[in-house]
Amino acid sequence: MDRPLALVTGASRGIGAAVAGALADTHRILLGGRDSAALEALAAQLPDARPWVVDLADDAAVADAAAGIDRLDVLVHSAGVAQLADVTHSSADAWRRNYEVNVVAVAELTRLLLPALRAANGHVVVINSGQGLSVREGWGPYAASKFGARAFADVLRAEEEPNGLRVTSVYPGRTDTEMQQAVVAAEGGEYSPAKYLRPESVAGAVAAAVLASPDAHLTDITVRPRPHR
Ligand code: NAP
């Protein structure tokens, strides 16, 4: 029998790539992203993975790409953007860009794949953020989008748990990825990877939820960097 199928968005790098690695021994993986060369390179390192190349901001392309998937065991939403500015300097476009990838694309891809997920009693994992639990000045559009993603996951769980789905939100703290490098640069701070989570550690939390025994539903997982290691 085929191994279960997982689609991981944002798999070209960072947390998504680590999640793909963490599930690779137990799942066939579709590696979502726009950078086909990076996805091909990762696929070559994993036992059973292939690129799923689509711009999540392109509704028509997402619909086309999702149309071929009839049965899906795991959908991990790791694709995300973070554009930081205080409210004074956040244009309508900044709010839209964060919402487009962090909320609308998550909702739309999930909607398109719901029949395939229901067919498998599947699992949806949303990589959220500490900013989806409490806000900080200067993070308005990103934090609002992550609060939106948390509400989406909670609503989806309420609606689809009776249909057999599991829905997990994972809330990582600062993690050593390209996104965090850009965030620290925008803050004018010093990049200190030793203080941050490793992407593999966040991926471990995702794997714990996905591989939990079928009677268990891990709904919300907060992962913080430990100051003393
Ligand atoms: P990252 O290294 O910047 O990677 C972002 C991923 O999202 C890339 O694979 C990128 O693909 C993909 N992506 C962005 N826009 C896309 C679009 N329009 N269509 C398709 N793919 C798109 O970020 P990360 O740190 O791994 O973040 C992953 C998730 O964790 C995000 O949801 C983020 O908000 C969350 N998070 C991160 C941190 C942190 O400190 N790093 C902390 C808390 C939460 P391309 O290669 O195509 O650009």
Side-chain angles (χ1 to χ4, degrees), residues 5-58 61-62 65 74-84 97-106 109 124-132 139 141-142 145-146 149 168-187 189-210 221 223-225:
L5 179 66
L7 167 57
V8 181
T9 72
S12 59
R13 60 178 189 264
I15 292 171
V19 169
L23 297 180
D25 287 341
T26 49
H27 290 72
R28 294 172 291 136
I29 317 271
L30 295 174
L31 302 168
R34 293 168 298 183
D35 182 344
S36 50
L39 298 174
E40 292 282 4
L42 179 58
Q45 297 169 30
L46 302 178
D48 192 349
R50 61 191 160 90
W52 190 78
V53 181
V54 66
D55 182 346
L56 292 169
D58 181 339
V62 172
V74 180
L75 171 59
V76 180
H77 295 285
S78 190
V81 295
Q83 279 147 6
L84 306 194
R97 279 202 304 274
N98 280 273
Y99 257 80
E100 185 173 50
V101 178
N102 298 350
V103 183
V104 177
V106 169
L109 181 58
V124 178
V125 180
V126 180
I127 306 298
N128 201 296
S129 165
Q131 291 295 308
W139 290 67
Y142 179 74
S145 74
K146 291 299 190 180
T168 303
S169 288
V170 176
Y171 305 91
R174 289 183 190 257
T175 306
D176 177 18
T177 69
E178 287 182 29
M179 176 183 286
Q180 189 57 234
Q181 289 170 16
V183 163
V184 172
E187 292 173 327
E190 184 184 334
Y191 196 75
S192 315
K195 291 188 188 163
Y196 310 144
L197 287 159
R198 293 181 305 115
E200 291 75 15
S201 305
V202 179
V206 174
V210 169
I221 304 175
V223 190
R224 293 187 191 178

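All values derive from a computational prediction rather than experimental measurement.
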Validation row: [X], [Y] side chains within 4.5 angstrom (heavy atoms):
X      : Y      : answer
Arg174 : Val183 : yes
Val206 : Ile127 : yes
Lys146 : Asn128 : yes
Trp52  : Val8   : no
Leu5   : Arg28  : yes
Leu30  : Arg50  : yes

Of Pro199, Ser201, Pro193, which is the lone residue that meets side chain to side chain contact (heavy atoms under 4.5 Å, CB included) with Leu197?
Ser201

Calculate, to the nearest 0.5 Å, the distance between atoms [atom1] and [atom2] belonging to [X] and [Y] respectively.
X      : Y      : atom1 : atom2 : value
Ile15  : Glu178 : CD1   : CD    : 12.0 Å
Ile29  : Leu39  : CD1   : CG    : 12.5 Å
Asp55  : Glu100 : CG    : CD    : 8.0 Å
Lys195 : Glu190 : NZ    : CD    : 7.0 Å
Met179 : Ser78  : CE    : OG    : 8.0 Å

For [X] against [Y], the heavy-atom pair lying closest together:
X      : Y      : result
Val103 : Ala149 : CG2-N, 4.1 Å
Ser12  : Ala38  : O-CB, 3.9 Å
Ala24  : Leu46  : CB-CD2, 3.8 Å
Ala20  : Leu31  : CB-CD2, 3.5 Å
Leu7   : Gly32  : CD1-N, 4.4 Å
Ser36  : Val53  : CB-CG2, 3.8 Å

So, Asn98 and Ser145: side-chain donor and acceptor under 3.5 Å apart, yes or no?
no

Look at the side chain of Thr175 and the backbone N and O of Gly173, then say whether any donor-acceptor pair between them is shorter than 3.5 Å.
yes

Side-chain donor/acceptor of Asn102 to backbone N/O of Val81, under 3.5 Å:
yes

Quick one, Asp176 with Tyr191, criterion side-chain contact (heavy atoms from CB on, under 4.5 Å). Give me CA distance, side-chain angles, the key distance, then yes/no.
CA-CA 9 Å; Asp176 177 18; Tyr191 196 75; 2.6 Å; yes

Check against side-chain contact (heavy atoms from CB on, under 4.5 Å), Thr9 and His77:
CA-CA 5 Å; Thr9 72; His77 295 285; 4.3 Å; yes

